[in-house]
4 protein chains.
Amino acid sequence: MAPIVSKDYKERRKSSILSSALECFAQKGFVATTVDDIGAHSGISKGSIYNYFESKEAIYFELLNTATERDKENITKNFSTLRSSLSKLSYMFDVFLTLDPFNPKRLGTTVVFYEFTFHCTRSEKLLDLVTKRGNFLLNIIKETLEEGQESGEIDKNIDVNLYAHRFWLIIDGVSLQTIHKDFPYYDVLREMKEMYLEEIKAK
Amino acid sequence: MAPIVSKDYKERRKSSILSSALECFAQKGFVATTVDDIGAHSGISKGSIYNYFESKEAIYFELLNTATERDKENITKNFSTLRSSLSKLSYMFDVFLTLDPFNPKRLGTTVVFYEFTFHCTRSEKLLDLVTKRGNFLLNIIKETLEEGQESGEIDKNIDVNLYAHRFWLIIDGVSLQTIHKDFPYYDVLREMKEMYLEEIKAK
Amino acid sequence: MAPIVSKDYKERRKSSILSSALECFAQKGFVATTVDDIGAHSGISKGSIYNYFESKEAIYFELLNTATERDKENITKNFSTLRSSLSKLSYMFDVFLTLDPFNPKRLGTTVVFYEFTFHCTRSEKLLDLVTKRGNFLLNIIKETLEEGQESGEIDKNIDVNLYAHRFWLIIDGVSLQTIHKDFPYYDVLREMKEMYLEEIKAK
Amino acid sequence: MAPIVSKDYKERRKSSILSSALECFAQKGFVATTVDDIGAHSGISKGSIYNYFESKEAIYFELLNTATERDKENITKNFSTLRSSLSKLSYMFDVFLTLDPFNPKRLGTTVVFYEFTFHCTRSEKLLDLVTKRGNFLLNIIKETLEEGQESGEIDKNIDVNLYAHRFWLIIDGVSLQTIHKDFPYYDVLREMKEMYLEEIKAK
DNA sequence: TATGAATGAGTATTCATTCAT
DNA sequence: AATGAATGAATACTCATTCAT
């Protein structure tokens with residue numbers, strides 16, 4: 001039978017729930033957020049929310065998944081316009097240099113994201129999700145570094161794996177510090193970027 | 001009325017609750033841990049626990065506070081045996097190079113601490129605790145760097161504040177990555193240490 | 001406006017809902033069966049079901065009513081081919097001797113019917129339904145016994161009312177026992193039948 | 001540690017919950033009864049009820065179990081004072097002849113009992129309970145009949161198993177009929193008793 | 001002080017029923 | 001008439017905290 005509402009309508013409804021949920025989670029945390037909160041925020045009844053998601057956790061799950069997908073697309077799209085490996089890596093730093101990490105909404109999202117990561121740590125099933133995301137992010141850098149080594153842009157002696165990890169360590173490190181009001185985010189990150197790019201450059 | 005039980009007895013009881021709580025929190029997370037869990041683990045009755053702590057959150061709170069105090073003491077004690085600024089900073093790195101971050105208990109503790117930090121983010125009162133701890137940790141490095149600059153050990157041109165932040169960024173970064181099973185913790189941290197110390201050294 | 005679909009179509013649809021409902025109820029019980037279950041089983045949408053029935057309970061209600069009607073018709077039809085009272089009573093026993101009470105579907109149906117009967121016990125309105133059905137069934141036997149007494153087939157001294165009740169007591173009794181896997185249904189019922197018929201026979 | 005309340009106190013509390021639950025179940029049925037209902041009826045808070053029982057179903061379960069135990073004890077006690085098999089069987093009938101089956105409370109209990117039996121029909125675990133109870137009741141009659149055959153009181157030709165089933169068939173049959181207001185319970189049961197005892201008597 | 005029983009507010013989830021398309 | 005999305009009342013169960021003993 002033909003669906004009674006358009007696929008588009010359902011998509012919009014679902015993403016409305018997702019964005020409301022994200023905002024609630026960011027404000028109060030996953031546990032403290034009730035399904036009623038999400039309903040009130042999105043103007044969608046509790047019962048309806050359960051038409052779109054199996055459980056509160058499923059919303060959480062999809063939120064992270066969606067974010068991963070979006071990141072993937074964004075990076076792929078932007079990488080395609082960039083030729084050199086160094087410019088790609090530079091772009092990756094810039095992603096984090098061009099957002100406002102102290103904006104309450106952004107900060108909330110960051111916190112939610114880390115909290116969910118920790119939450120996953122305690123569930124076999126969810127751990128997988130986190131691992132996959134982690135590997136995906138790691139590989140982006142790894143592959144870019146390898147490309148650069150092949151093209152001669154990047155020092156052939158560096159340990160690609162180590163440097164990939166180091167990249168995300170920096171990002172996690174600065175992101176985490178944003179919970180402190182007066183953390184000089186941009187200064188620190190900009191310096192770390194320059195140093196990082198300098199080190200890997202072919203001598 | 002004279003106290004019926006010795007102060008020492010009470011101290012032991014309290015710290016028994018604390019260590020049990022930490023283990024439970026590490027295993028299941030703060031929210032999922034019930035006061036009964038802590039009771040069962042410590043062998044102390046639920047009612048009794050409330051003689052020592054106002055609330056479950058108070059236990060959490062004291063746990064972080066105690067850890068901060070212990071860190072403070074440890075650092076002070078060890079710093080007193082160290083003369084040069086560089087050796088002090090080296091020691092600070094070594095603190096994290098000599099623990100086993102993948103040990104489940106340790107990993108759990110790490111997660112709990114970050115979780116609590118995030119939790120505090122949402123409460124004016126608790127945020128203060130985190131800020132104080134953050135400042136304390138930051139200042140240790142700052143002061144050491146300043147000492148080094150005065151004594152000529154450390155490059156006078158570096159921005160002390162920036163480098164202090166950078167130190168903790170590194171620590172937070174590597175700690176966070178330990179949730180990934182195959183993160184080359186020691187390799188990465190060792191390299192970061194060498195690089196860090198090299199950079200700040202007076203030229 | 002002329003009806004868009006034929007009356008026949010609607011009848012078929014309605015009875016499809018009824019038979020699906022019966023099967024669902026038999027399998028999971030009335031409360032545990034959701035309207036969605038009935039929809040899934042019958043291939044008729046939830047919304048449509050409510051075009052045919054006011055409520056889930058109305059389906060239950062009609063199920064019993066329909067069964068009563070069907071029983072009524074069956075008995076009338078079969079009685080019309082039977083001359084003697086004793087053969088009619090014999091036939092009534094045979095109805096229950098020729099079904100397979102341990103067949104899961106049959107057993108489920110039995111349970112559903114008793115459950116609904118009990119359910120009705122608690123509602124003035126529904127109790128009426130049960131009473132009517134009860135009286136109808138009772139009267140069939142009563143009338144047959146009276147006919148037999150008039151015709152001389154059946155002992156004039158027996159209390160017709162008592163023996164009518166006794167008939168249904170036997171049927172309820174053996175039906176109920178079928179929930180026990182190894183109840184010798186046929187043996188017991190056959191013997192009860194013989195004894196019953198022997199007793200009422202005119203001496 | 002010594003329990004803080006007496007075992008007796010807890011027993012009384014538990015049985016208070018049980019009897020309240022029975023009354024609520026009898027009045028509204030198992031599903032319609034909320035845990036709050038039981039709480040209100042017993043004056044015990046919902047939370048407390050869960051200190052004594054794992055779930056609403058567990059209360060139901062224990063109710064049936066307790067009834068079985070009580071029956072067992074009663075029968076054993078009374079049988080010990082009776083010498084002949086026939087008097088024992090007579091006593092078994094009298095158990096049901098000396099209660100008031102139309103008393104609302106009693107009727108409610110009967111209905112609850114059958115409802116639960118049906119409910120069990122759909123759960124492997126619970127079916128066991130019902131089977132055990134069924135076998136126990138069956139065996140009482142069987143054993144008594146066998147004793148009687150050995151002592152010469154009871155006809156050696158009767159099929160003990162069949163007659164045991166027939167006993168409970170009668171009891172179930174008359175119990176079920178009590179949902180009809182004008183069922184001549186005593187008359188029917190008394191006659192069935194006499195007939196039953198007459199038939200099995202050694203000729 | 002220690003205990004653990006009592007409390008009841010708090011919440012995820014289900015599902016009969018309604019209603020817009 | 002048919003569909004299935006929307007609704008929200010209803011409810012079992014949990015657990016931090018209190019309190020009588």
Side-chain angles (χ1 to χ4, degrees), chain A residues 1-6 9-10 13-14 31-39 43-59, chain B residues 1 3-6 9-10 13 31-39 43-59, chain C residues 1 3-6 9-10 13 31-39 43-59, chain D residues 1-6 9-10 13-14 31-39 43-59:
Chain A
M1 298 285 145
I4 227 156
V5 296
S6 68
Y9 168 83
K10 289 184 74 171
R13 211 114 209 286
K14 197 170 177 178
V31 204
T33 297
T34 70
V35 180
D36 277 304
D37 287 336
I38 302 173
I44 291 170
S45 76
K46 203 191 337 208
S48 243
I49 290 174
Y50 279 90
N51 280 341
Y52 291 90
F53 295 95
E54 284 224 315
S55 64
K56 202 174 82 168
E57 196 178 64
I59 299 179
Chain B
M1 213 185 286
I4 287 168
V5 299
S6 70
Y9 169 81
K10 288 182 70 173
R13 221 128 200 275
V31 209
T33 298
T34 69
V35 178
D36 276 306
D37 287 335
I38 302 173
I44 291 169
S45 76
K46 193 161 38 168
S48 240
I49 290 174
Y50 278 88
N51 282 337
Y52 292 93
F53 295 96
E54 283 223 314
S55 65
K56 200 173 85 165
E57 196 177 66
I59 300 179
Chain C
M1 209 185 285
I4 288 169
V5 299
S6 71
Y9 169 80
K10 288 182 68 174
R13 220 127 202 277
V31 209
T33 298
T34 69
V35 179
D36 276 305
D37 286 336
I38 302 173
I44 291 168
S45 76
K46 191 160 40 167
S48 241
I49 290 174
Y50 277 87
N51 282 339
Y52 291 92
F53 295 95
E54 282 222 314
S55 64
K56 200 174 86 166
E57 195 177 66
I59 300 179
Chain D
M1 296 288 144
I4 227 156
V5 298
S6 68
Y9 167 83
K10 289 185 75 172
R13 212 115 209 284
K14 196 170 179 178
V31 204
T33 298
T34 69
V35 180
D36 277 304
D37 286 336
I38 302 173
I44 290 169
S45 76
K46 205 195 330 214
S48 244
I49 290 174
Y50 280 90
N51 280 340
Y52 289 90
F53 295 96
E54 284 224 314
S55 64
K56 203 174 83 167
E57 196 177 65
I59 299 179

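Only this structure's heavy atoms are used, side chains among them; waters, hydrogens and symmetry mates stay out. Protein chains get the first letters and strands the later ones, always in sequence-line order, with residue 1 at the start of each.
- Checking E:dA2, F:dC13, E:dA5 against the side-chain heavy atoms of D:Tyr50 singles out F:dC13 as nearest.
- If you find the closest nucleotide of DNA chain F to D:Thr33 and to A:Lys10, the one lying nearer the 5' end belongs to A:Lys10.
- Looking at DNA chain E, the stems built from 3 or more consecutive Watson-Crick or G-U wobble pairs, each pair with its key distances under 3.5 Å, are E:2-21 with F:2-21.
- Sequence order on DNA chain E of the closest nucleotides to C:Lys56 and A:Glu54 puts A:Glu54 first from the 5' end.
- Here A:Tyr52 contributes atom OH and A:Arg13 contributes atom CZ; the two are 5.0 Å apart, rounded to the nearest 0.5 Å.
- Partners of D:Ser55 under the side chain to side chain contact (heavy atoms under 4.5 Å, CB included) rule, at least two apart in sequence or in another chain, are D:Glu57, D:Ala58.
- The distance between atom CD1 of A:Ile59 and atom P of E:dA12, rounded to the nearest whole Å, is 10 Å.
- In this structure B:Ser45 satisfies the side chain to side chain contact (heavy atoms under 4.5 Å, CB included) test together with B:Ser48, sequence neighbours excluded.
- The salt bridge (Lys or Arg N to Asp or Glu O under 4.0 Å) check on A:Lys56 picks up nothing, with sequence neighbours excluded.
- With sequence neighbours excluded, the residues satisfying side chain to side chain contact (heavy atoms under 4.5 Å, CB included) with C:Asp36 are C:Thr34, C:Lys46.
- Interatomic distance, NZ of D:Lys14 versus CD1 of D:Ile59, reported as 10.0 Å (0.5 Å rounding).
- Checking E:dT13, F:dA16, F:dA12 against every side-chain atom of D:Val35, the shortest atom distance belongs to F:dA12.
- Distance CD1 (D:Ile49) to P (F:dT14): 14 Å, rounded to an integer number of Å.
- In this structure, C:Asp37 atom CG and E:dA16 atom C1' are separated by 12 Å, rounded to whole Å.
- A straight line from CG of C:Asp36 to C1' of E:dT18 spans 14 Å, rounded to a whole angstrom.
- Whole-Å rounding puts the B:Asn51 CG to F:dT18 C1' distance at 11 Å.
- At whole-Å resolution of the value, CD in C:Glu57 and P in E:dA16 are 12 Å apart.
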Nucleotide N/O of nucleotides 8-10 of chain F paired with protein N/O under 3.5 Å:
from: F:dG8; atom 1: N7; to: A:Gly47; atom 2: N; distance (Å): 3.3

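- Distance from the side chain of B:Ser55 is smallest for F:dT17 among the nucleotides F:dT17, F:dA6, E:dA5.
- Atoms CD1 (D:Ile44) and C1' (E:dT7) sit 12 Å apart, rounded to a whole Å.
- Residue contacts shown for D:Phe53 are absent, as no nucleic acid heavy atom lies under 4.0 Å away.
- Atoms CD1 and CD1, from D:Ile49 and D:Ile38 in turn, are 5.5 Å apart once rounded to the nearest 0.5 Å.
- Separating the CZ atom of D:Arg13 from the P atom of F:dT21 is a distance of 12 Å, rounded to the nearest angstrom.
- For E:dG4, the OP1/OP2 oxygens have no side-chain nitrogen or oxygen of D:Tyr9 closer than 4.0 Å.
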